[in-house]
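Taking it in order: structure first as structure tokens, then the write-up.
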There are 2 protein chains.
Amino acid sequence: MAPATALTGDKDSELGELADIVGFHIRLAHVAVYRHFTETFCDLDLTQKQVSVLWLVDDHPGISQIAVGQRLQMDRATTMTIVNRLQERGYLRRERSTSDARKQALYLTTEGRAALATAKGCIGEHEAWLKSRFTPDEVKKLVEMLARIHD
Amino acid sequence: MAPATALTGDKDSELGELADIVGFHIRLAHVAVYRHFTETFCDLDLTQKQVSVLWLVDDHPGISQIAVGQRLQMDRATTMTIVNRLQERGYLRRERSTSDARKQALYLTTEGRAALATAKGCIGEHEAWLKSRFTPDEVKKLVEMLARIHD
DNA sequence: CCTAATTGTTAGTGGAGCATACAATCGGGC
DNA sequence: GCCCGATTGTATGCTCCACTAACAATTAGG
């Protein structure tokens with residue numbers, strides 16, 4: 001091997017041993033997806049997490065904060081800050097649950113539903129960009145393997 | 001469907017439509033990996049990024065900051081903060097490159113090499129935890145697909 | 001030689017994750 | 001029915017990561 005700095009950037013992936021680490025590739029893939037997401041969503045000013053929360057609340061009206069956190073792998077404090085932000089922007093509202101007064105029931109506002117609808121359109125493009133790298137079978141396999149990691 | 005809150009958390013993945021979004025699974029998998037990483041690395045007090053940088057510098061002594069950033073998908077500012085931290089902790093040092101005075105050449109210190117060696121051991125466990133979900137063929141396929149995303 | 005591009009640096013902003021502590025509420029055992 | 005532990009939400013404060021914008025030094029090319 002060349003002693004040092006034989007890497008004037010002609011190839012893009014001079015990763016060395018690091019290329020064998022699965023977790024490393026997951027992190028890089030996540031960063032790449034995150035970057036593309038924010039680029040295609042600059043006009044909406046919503047993050048992945050925020051859209052996920054809106055989506056989940058839309059699918060499960062009256063869901064509690066803790067349940068949102070569990071499904072999205074966030075602790076209570078993190079969920080709080082995101083819900084706070086979305087509430088400040090008028091996208092969702094809290095109501096104390098009638099069945100369990102400890103819980104907050106979350107609902108989308110009309111504005112929240114509108115924002116989510118727009119976001120879903122953008123996510124369509126985003127997903128197309130992502131899926132263009134794979135056959136439908138590969139997509140299925142990839143999702144299944146990723147689910148094995150986060151479940 | 002039940003009108004609201006039929007979700008008392010008996011199943012873990014009541015994700016609804018969200019389950020069809022590839023980017024969403026990547027994010028969840030990343031969070032799960034990140035969490036496990038930090039748990040097994042609490043004694044070392046190094047983050048994934050920091051270890052990646054140490055590893056990369058070890059593989060490519062004299063590498064420039066910009067090259068590190070390119071390979072790890074970070075911009076210059078982010079690379080700066082990480083290199084600063086590692087330098088403050090005495091794990092690497094900067095030298096102005098002789099061939100191009102704009103560049104900083106990065107080298108690990110003895111302490112940095114020791115820290116990296118320890119980190120690699122922990123990463124071994126971490127990777128084993130991750131790979132235990134898959135056959136060797138699946139690991140290969142997964143890495144290959146992730147690389148298609150971040151390249 | 002002058003201009004444009006590259007690299008590093010600084011400063012500031014915001015999102016996200018985590019730990020801790022506290023209050024309100026619920027549930028089960030007695 | 002009452003107390004105690006568990007659950008849920010809330011507030012505070014910290015760290016890390018990613019980004020932008022500006023600026024200085026250096027290099028490369030016309």
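Proteins come first, then strands; the chains are lettered A, B, ... in the order of their sequence lines, and each starts at number 1.
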[X] has an atom [atom1]; how far is it from atom [atom2] of [N], in whole Å?
X: B/Phe37; N: D/dC16; atom1: CZ; atom2: P; result: 13 Å
X: A/Ile82; N: D/dT10; atom1: CD1; atom2: P; result: 14 Å
X: A/Gln65; N: D/dA11; atom1: CD; atom2: C1'; result: 13 Å
X: A/Arg96; N: D/dT10; atom1: CZ; atom2: P; result: 6 Å
X: A/Gln104; N: D/dA11; atom1: CD; atom2: P; result: 10 Å
X: B/Met80; N: D/dA24; atom1: CE; atom2: C1'; result: 13 Å
X: A/Glu95; N: D/dT8; atom1: CD; atom2: C1'; result: 17 Å
X: B/Arg76; N: D/dA21; atom1: CZ; atom2: C1'; result: 10 Å

Please tell me if the side chains of [X] and [Y] come closer than 4.5 Å, counting only heavy atoms from C-beta onward.
X: A/Phe134; Y: A/Lys141; result: no
X: B/Leu142; Y: B/Leu146; result: yes
X: B/His150; Y: A/Arg27; result: no

* To do: For B/Thr110, enumerate each residue passing the side-chain hydrogen bond (donor to acceptor under 3.5 Å, both in side chains) test, keeping only those at least two apart in sequence or located in another chain.
  => none

* To do: Please determine if a side-chain N or O atom of B/Gln48 lies less than 4.0 Å away from the OP1 or OP2 oxygen of D/dC16.
  => no

* Could you say whether A/Arg94 or A/Arg35 is positioned toward the 5' end of DNA chain D, judged by the nucleotide with the nearest heavy atom to each? => A/Arg94

* With no hydrogens and no angle check, do the side chains of A/Arg94 and A/Gln65 hold a donor and an acceptor under 3.5 Å apart? -> yes

* **Check: B/Asp75/B/Thr78 side-chain N/O donor and acceptor closer than 3.5 Å** => yes

* To do: For B/Asp75, answer base if it contacts any base atom (sugar-phosphate contacts may also be present), sugar-phosphate if it contacts only those atoms, and nothing otherwise; contact means non-hydrogen atoms under 4.0 Å.
  => base

* Sugar-phosphate only, base, or nothing, as touched by A/Thr78 at under 4.0 Å among non-hydrogen atoms -> base

* Asked: For A/Gln73 and A/Asp100, take the nucleotide of DNA chain C holding the closest heavy atom to each; which residue's nucleotide lies nearer the 5' end?
  -> A/Gln73

* Comparing A/Lys49 and A/Ser99 on DNA chain C - which has the more 5′ nearest nucleotide -> A/Lys49

* Measure across A/Arg35 and A/Thr38 and return the closest heavy-atom pair with its distance rounded to 0.1 Å. => O-OG1, 2.8 Å

* In Å and rounded to the nearest 0.5 Å, what is the CD to CD distance from B/Glu138 to A/Glu144? -> 6.5 Å

* To do: Could you grab the distance from atom OG1 of B/Thr109 to atom CG of B/Leu116, nearest 0.5 Å is fine?
  => 10.5 Å

Report each atom pair, protein N/O against N/O of nucleotides 12-15 of chain D, whose distance is under 3.5 angstrom.
none

* Structure fact -> Checking D/dA18, D/dC17, D/dT8 against the side chain of B/Met74 (C-beta onward), the nearest is D/dA18

* Asked: Of all the nucleotides listed (D/dA6, D/dT26, D/dA18), which has the minimum atom distance to the side chain of A/Arg102?
  -> D/dA6

* Hey, what's the ring geometry for B/His126 with B/Phe37, parallel, tilted or perpendicular (30° and 60° as the breaks)? -> perpendicular

* Asked: Hey, where on DNA chain C does chain A first and last touch, going 5' to 3'? Cut-off is any atom under 4.0 Å from a heavy atom.
  -> C/dG15 to C/dC26

